[in-house]
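In what follows, a single structure is set out as structure tokens and then discussed.
Given the structure is predicted, the values throughout are model-derived calculations rather than measurements.
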Amino acid sequence: WFMSMGEVADGSIRHRLLLWEGGTGIIAGNWAHGVGTLKAVGDTYHHWYQPLWLNEHYLTLINDFLTIAALHGIWLPVLLLAVTLFLLQNGIQYYLRCRNPLLLYAVFAVAGYLIAGSFTTCYRFDEIAWLFGISIAVAAAFVVYGAIRRRFPWKHWNFWPAPLCAVLCGLAVLGFGATVNRALPYRWEYGKAGNFEVLKIQAAGKAAGEIIAIMPERGDSIRKTLRPLVLEGYSVTVLFLEPGFAVLDDGAAALRELVAAHRAPPVLLGVGSEQSIQAVALGSRLAPDAFSLIIVAELPDDWPFPELSPRQQIVKSAIPMVILCREENKASARELALLGKPYRTVNIAFFAEGVPAAGEIAGAIKGLNHAAE
């Protein structure tokens, strides 16, 4: 453990500083009530604050104060810190009069926890949390006993330093977090369209184009595909649809609502194999001028149910389409493209392993714009 504290070769210290920086942004954006769960804390940092060159997954912010603030709001750790500092200050003052070793042990245990909790998430370990709770109880018992017995003088100095320090710490976190959020090159917000959750991501400057993406959930595609697309200058609206075709009618209604809010026909993007099928099927249910382009990735060659097969759906829409596929799947993609060509323009583009990169998707959109010119 002591070796890892000073080890800089693996980048862990830098990663932790980045985590704390992003954590203050999470707190500043959710200062009143937090994000609610540890998974939400880790996902929010991973999706929105972690640099794209770093691909680490964290469940907490590796700091008790920051993690509790991100979970429940800044008020709770400020309150806990004020109480803890109050007991430390007055516990030390009372020890100098009574010289009781038990009080000294309790004070140093509380101080040790505050130091350790600044560099890890101690409260999640039951044995450490219990030790901290017992130490707090012992220190509180001595301070209350000393106050009742008037063993040391109580003055205003005994009351205000601890809460003042706690409030200043909270304000410093909020202020730094607000600076972090202002520096982000994008903004995001969650909303509703019909019966479905919607995520809107807006670039800081003027958008180069507008994209509506279909995703099943708040997955890693937010970080791997959508965030880079926004950095390319695009405004992205995500419609979260459950996999399958039972949601297509309601999904089409939600899409019409989203399309109506755009100034020009946006691009429809299917993120994932099943979402690509949904994008093709939904494109056939909307007007031909609803979208300027449909982009799908790894569109399956066929589907068990003929009426829902991409082979059937691809001929029903007059909207131009780009099929992104891996090199090894180019034969089936070309066959699907030939099926759709009599009805509108269908092109094929290739991408490497994983999910299509933002540059490949942006290239498909720019290719359509050049063709239109």
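Tested against L269 for a side-chain contact (heavy atoms from CB on, under 4.5 Å), the candidates V296, L229, L293 yield a single pass: L229.
Y105 pairs by the side-chain hydrogen bond (donor to acceptor under 3.5 Å, both in side chains) definition with nothing, not counting sequence neighbours. Remark: Y145 engages R151 in a side-chain hydrogen bond (donor to acceptor under 3.5 Å, both in side chains) (not counting sequence neighbours). Qualifying side-chain hydrogen bond (donor to acceptor under 3.5 Å, both in side chains) partners for T44, counting only residues two or more places apart in sequence or in other chains: none. The salt bridge (Lys or Arg N to Asp or Glu O under 4.0 Å) test applied to E197 returns R218, not counting sequence neighbours. Among residues two or more places apart in sequence or in another chain, the ring pair (Phe, Tyr, Trp, His ring centres under 6.0 Å) test is passed with F108 by none. In this structure T120 satisfies the side-chain hydrogen bond (donor to acceptor under 3.5 Å, both in side chains) test with no other residue, sequence neighbours excluded. Listed by chain and residue number, nothing satisfies the salt bridge (Lys or Arg N to Asp or Glu O under 4.0 Å) test with D250 (two or more places apart in sequence, or in another chain).
Classified by interplanar angle (parallel below 30°, tilted 30° to 60°, perpendicular above 60°), the ring pair W188/Y186 is tilted.
Evaluation of the salt bridge (charged side-chain N to carboxylate O under 4.0 Å, His left out) test over residues 36-47, restricted to residues two or more places apart or in two chains, returns K39-D43. Residues in residues 77-90 take part in no salt bridge (charged side-chain N to carboxylate O under 4.0 Å, His left out) pair, two or more places apart or across chains. The salt bridge (charged side-chain N to carboxylate O under 4.0 Å, His left out) contacts involving residues 254-266 comprise E210-R263, where partners must be two or more places apart or lie in separate chains.
Using a 4.5 Å cut-off between side-chain heavy atoms of Ile, Leu, Val, Met, Phe, Trp and Tyr, V144 falls into a hydrophobic cluster with I148.
Aromatic pair H46/H57: ring centres closer than 6.0 Å.
Between the side chains of N158 and Q89, no donor-acceptor pair of N or O atoms lies under 3.5 Å. Using modelled atom types, one finds a donor on one side chain and an acceptor on the other under 3.5 Å when comparing N181 with Y49.
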For residues 125-142, tabulate all N or O donor-acceptor pairs below 3.5 Å that involve a side-chain atom, not counting sequence neighbours.
from: S135; atom 1: OG; to: L131; atom 2: O; distance (Å): 2.8

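Nearest heavy-atom pair, V41 versus A70, reported as atom, atom and distance to 0.1 Å: CG2-CB, 4.0 Å.
R223 places a side-chain N or O within donor-acceptor distance of the main-chain N or O of P51, the cut-off being under 3.5 Å.
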